[in-house]
Every structure is written in structure tokens, then in C-alpha cells.
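First listed ligand is number 1; within each ligand, the first listed atom is number 1.
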Amino acid sequence: MSDTDPANWGFDTLAIHAGAAPDPATGARQVPIYQTTAYVFKDAAHAARLFGLQEVGYIYSRLTNPTVSALQTRLAQLESGAGAICCSSGHAAQILALFPLMGPGKNIVASTRLYGGTITQFSQTIKRFGWGAKFVDLDDLEALRAAVDGDTRAIFCESISNPGGYVTDIPAVAKIATELGLPLIVDNTLATPWLCKPIEMGATLVVHSLTKYITGNGTVTGGVVIDSGTFDWSASDKFLSLSQPEPAYHGLNFHQAFGNLAYTFHGIAVSMRDLGMTMNPQGAHYTLMGIETLGLRMEKHVANAGKVAEWLQNDPRVTSVTYAGLASSPWNATAKRVYPKGAGALFTFSIKGGYDAAVKLVDSLKLFSHVANLGDARSLVIHSASTTHSQLSDAQKIAAGAGPDVVRLSIGIEDADDLIADLDQALAAASG
Ligand SMILES: *Cc1c(COP(=O)(O)O)cnc(C)c1O
């Protein structure tokens, strides 16, 4: 292997080149936006081979599209996965990730520290499919072990978690998942593969909301499931859709037919075909553009977050700051070990004066945008208790780190001094 071998490329080279050879028809250097629904078959035999999955190719853009494929290849390589399936949103990615594994009466064991919408999806909405979820504090590995039962089909966590910016000890959780013969699914939205590659730490599947740092500028709603290709679906009788003839695909045995790509092929041929949560090629294009600068952006996000968190921590108007990158955080040792390049750029802080002061602060900020989003180049703020986490019970809010006096910041890539000046004047207004 030489230095120019793509297998040796570093993160920033892959972020620009993976999945993106010049277009064979035109030489176009950027990945074209293939704005087409269907693809002409060479002849009837070719069509039959594509439908039978004996040959890989494009049939219909609900399943696959060349622009979306380029993005899938890039994300799979950045996350050290074997394959990837893009979809319409981060929430769609979570359903897509679970679909091949679950069935009525089956459950997942999930972290208590998750994005508010994910807690609602898992505690309420998936019940309509007959699926269940049990929530445990993943800092307590024995509680995790105790929560798993014979119907458990996956363990789910976030690497760095929203809104608190807590960090999960992925290698420790992955070790238990392996012992129990279960796939570990990690939502890596807040860390991105620049800060953490869960597959290299033992995760089976990685999901992302591409809406956030990966696209990075607040223009796209998208999601992805990345398949490690390392899980043995046939080792138990738990994953029959993958290890036995699949009735939804004329009895094809995906594990036998596709080996380490069984999950990826099933995800496209069955889940995407029947659930239809497709990513559009225009969205894939914006996300490909965003990824080109992912490494540069994350470096600045993390540096800025460290400066702002440090400044807030030393301010008498502030009660506490959750950032795991601070030496004062109980998660700092885990953060340093598992996320050595930094603990992300999302965290919360509590302000003296409770709910009223928190709301006043949000209304007084000028440079920070008050929006329900994160991972944008712009710095963002939200009061989780009255917005993203409002549908949770008080106990769930506090468990998720979204109490009444808590304000969430998503630190952008502006000049840190300007962000601090804005926080300073808003804290003055809120405390006055
Ligand atoms: C935003 C987010 C989601 C949901 O993603 P959408 O693209 O909004 O559907 C899931 N997990 C995390 C950690 C998120 O931040």
C-alpha cells in the first residue's frame, strides 16, 4: 500500500473524496445531483437480475439513487462501517435501524439520556408496532445487564447526549452488548465521526441526524444508519429477518446471500422499500458539501465550546455547567478516554433565578439564535423544558438534564469572544 492508497487516507481526505470519483459520463468533478426517479434497464434479463438482487444497480429512487449512494459511501468510510443507508431524518434513521431487528413483543434497552424526541419515540410511538423500550442509566452497567431480557433485540445510546452533553462509555457498553449477543446502536449525531467512531469501539450500528453537524449549516433534514458489518446475525435465533428466509423478499436469506452486508441489503431491499423514508438527491448534495468541512468545523466548535463553558463556569450568575470537557464534570475522565479530541459543542447551564431567569436570558440573547436545532455553524440557544422536552414528565425532564432553570447552548464556529460578550449582556438582563 502506498500513501495514495484510499485505504490509508485520513479523515479530512475521506471527507472530501470518499464516494466521489469524477462522473464517468461527463467528467463532472462534483457529485452530480441525479434528479431522477427511475433508471432504464438494459433489457428484461437485466431488470430481473436487479429485482432479484443478483446484480446491484439502480431501479427506483425510493430504494437507491447515485447522489444518495455517494453520500452513503462517504459516511460508511468516515464511520469505519461496511455499508450505510441514508434516509429522510434522524428520527427515520432510528426506526430504520430497529426495523430488521424487532417484532411485536420485542424490546430495546435504551439510555435515559437521549434527545427528547427520541425518548418520546421510544416510550410512546413504537408501542404501536408492539415494540417496547426500557430506559436505564448507562453509567450503571449492572442496571443495563439486569434490564436485558429474552425479548431484548438491541441496546441504544447516544455517544455524547443531548441536551446535557453527557458522554457514554461506549467501549464498556459494547463489551456488555457483545457478551449478551445483542447489537449496540449508537446515535453519534453530537460527536460526529471526527470526535468518535463507535464502530471501532464495538458498536454494531451507528445512526445520525444528518440535520446537525454533518451537514452543518441548518439546510437539510436527513438521517443515516451505518452498518459495521461485524455482527453475526445467525449466532442466535433472535434475528430471523436476517438469518432465515425473509417472507417479505420471496424467501431470500439475507445473511447467507450477502454475508457482512446482510443488514445493509435488508435495510434497502425491505425496510426502505416498504417504509419509504427516502432521502432526496438534493438533500444528499447539500450534505456532501457540508461533510467536506466537517473536520475543520468540529475543531472550531470544540475549541469555542471549551472557552464558553469555562467562562460560564466562572460567572457568579451561573449555578452549574454540564460540559463534559470541563475538569469539574463527573464525566471528564470518560470524556478524555473515549473522546480524546473533545467533548463536542453542546451543553447546558443552569442560571440563578430558575425558570423565569432562564426564559429572560433566552429572550435577551442577540447573536445566539433561539431555535429548535443544534450543530449549526451559527450558535443556537433553547430552553429545553418549555420546548424540546416539554412533552416529558417532570421526572423525565430532570433525568434527561432539562430542568426548569436549564438553558441549552449549541456553540457555533463564530469568534468565541463575540459569543461570550452576548452571553454576558443577556445574563445581566436576566439577573437584573
Ligand atoms: C436531532 C436529533 C435527532 C432527530 O433527528 P431529526 O433529523 O431531527 O429527525 C436524533 N438524535 C439526536 C441526538 C438529535 O440531535
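Considering both main-chain and side-chain atoms, T221 never comes within under 3.5 Å of ligand 1 through any nitrogen or oxygen pair.
The protein atom (non-hydrogen) at minimum distance from atom 14 (C) of ligand 1 is K212 NZ, 3.0 Å. Protein heavy atom closest to atom 9 (O) of ligand 1, with residue, atom name and distance, is H91 N, 2.9 Å. Residue, atom and distance of the protein heavy atom nearest to atom 6 (P) of ligand 1 are G90 N, 3.3 Å.
For the pair N217 (side chain) and A377 (backbone), a donor-acceptor distance under 3.5 Å is absent.
With atom 8 (O) of ligand 1 as the reference point, the heavy atom nearest to it among S410, G222, S209 is part of S209. One option in L374, D187, V207, L114 has a heavy atom closer to atom 13 (C) of ligand 1 than any other, and that option is D187.
Atom OG1 of T287 is separated from atom CD of Q282 by 10.5 Å, given to the nearest 0.5 angstrom.
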Give every donor-acceptor pair under 3.5 Å between a side-chain atom in residues 191-207 and any protein atom, sequence neighbours left out.
from: T192; atom 1: OG1; to: W194; atom 2: N; distance (Å): 3.2
from: K197; atom 1: NZ; to: L78; atom 2: O; distance (Å): 3.4
from: E200; atom 1: OE2; to: S80; atom 2: OG; distance (Å): 2.6
from: T204; atom 1: OG1; to: L184; atom 2: N; distance (Å): 3.3

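Look at Q94 and you'll find a heavy atom under 4.0 Å from some atom of ligand 1.
For H208 and Y213, the gap between ring centers reaches or exceeds 6.0 Å.
In this pair, W9 and H17 present their aromatic rings tilted. The plane angle is within the 30 to 60° band. Taking the six-membered ring for Trp and thresholds of 30 and 60 degrees, F239 and W233 have ring planes more than 60 degrees apart, a perpendicular arrangement.
The distance from ligand 1 to the heavy atoms of S89 drops below 4.0 Å at these ligand atoms: 7 (O), 9 (O).
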